[in-house]
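What follows is a set of notes on a single structure, which appears directly below.
Starting from 1, each residue takes its place in the sequence as its number.
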Amino acid sequence: MNIRKPNSLFLLPALALLLTACGEEVSAGEAVAGGIGIWAIGSLLLLILVVLAVIDLIRKPYPMEKKLIWGAIILFLPYLGAILYFLIGRNRSSVF
């Protein structure tokens, strides 16, 4: 039985309708540019968060095993790993 995944192109008219229902008309080019801008800002914030977490991890006097584990978590699960590191990894030596 061959099951096809739905194509995401069917969402474009719904997105255009949603954007035009906001009160002002938005062209398709503006909608795409706005989406790219949001994506770029999110990517930049992710990069800053991960870099800060890695720098903090390198500077702390943790055992090498703990640094390797947290480094892997931060790099393989960027948002979640960096947030978890700042919430529980920095201050508690018993974690990992």
Side-chain angles (χ1 to χ4, degrees):
M1 184 171 174
N2 189 5
I3 299 175
R4 290 181 42 189
K5 292 184 179 181
N7 192 351
S8 60
L9 288 177
F10 73 91
L11 293 176
L12 289 178
L15 178 63
L17 180 64
L18 178 66
L19 291 174
T20 56
C22 294
E24 66 180 62
E25 291 191 25
V26 177
S27 70
E30 291 172 340
V32 170
I36 291 172
I38 291 172
W39 178 83
I41 291 170
S43 297
L44 183 63
L45 291 175
L46 171 65
L47 180 65
I48 291 170
L49 184 67
V50 169
V51 167
L52 289 175
V54 169
I55 289 172
D56 188 68
L57 181 63
I58 291 171
R59 289 186 177 182
K60 296 287 180 178
Y62 296 138
M64 185 56 70
E65 300 84 26
K66 183 175 181 176
K67 286 185 178 189
L68 290 174
I69 291 172
W70 274 114
I73 291 171
I74 291 168
L75 293 177
F76 289 118
L77 302 170
Y79 279 123
L80 184 62
I83 291 170
L84 286 175
Y85 173 73
F86 283 119
L87 289 177
I88 62 175
R90 284 177 73 181
N91 301 326
R92 297 184 183 152
S93 61
S94 63
V95 177
F96 293 111

List, one per line, each side-chain donor-acceptor pair under 3.5 Å for residues 72-82, sequence neighbours excluded.
{"from": "Y79", "atom 1": "OH", "to": "G42", "atom 2": "O", "distance (Å)": "3.2"}

Pair up each side-chain donor or acceptor in residues 46-56 with any protein partner under 3.5 Å, not counting sequence neighbours, and list the distances.
{"from": "D56", "atom 1": "OD2", "to": "Y85", "atom 2": "OH", "distance (Å)": "2.7"}
{"from": "D56", "atom 1": "OD2", "to": "R90", "atom 2": "NE", "distance (Å)": "3.2"}

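Residue pairs meeting the salt bridge (Lys or Arg N to Asp or Glu O under 4.0 Å) criterion with at least one partner in residues 72-87, sequence neighbours excluded, do not occur; the list is empty.
When hydrophobic clusters are built by joining Ile, Leu, Val, Met, Phe, Trp and Tyr residues whose side-chain heavy atoms come closer than 4.5 Å, directly or via intermediates, L57 is grouped together with I88.
For K60 (side chain) and K67 (main-chain N/O), no donor-acceptor pair under 3.5 Å exists by modelled atom type.
Every side-chain contact (heavy atoms from CB on, under 4.5 Å) that P63 has, sequence neighbours left out, goes to E65, K66.
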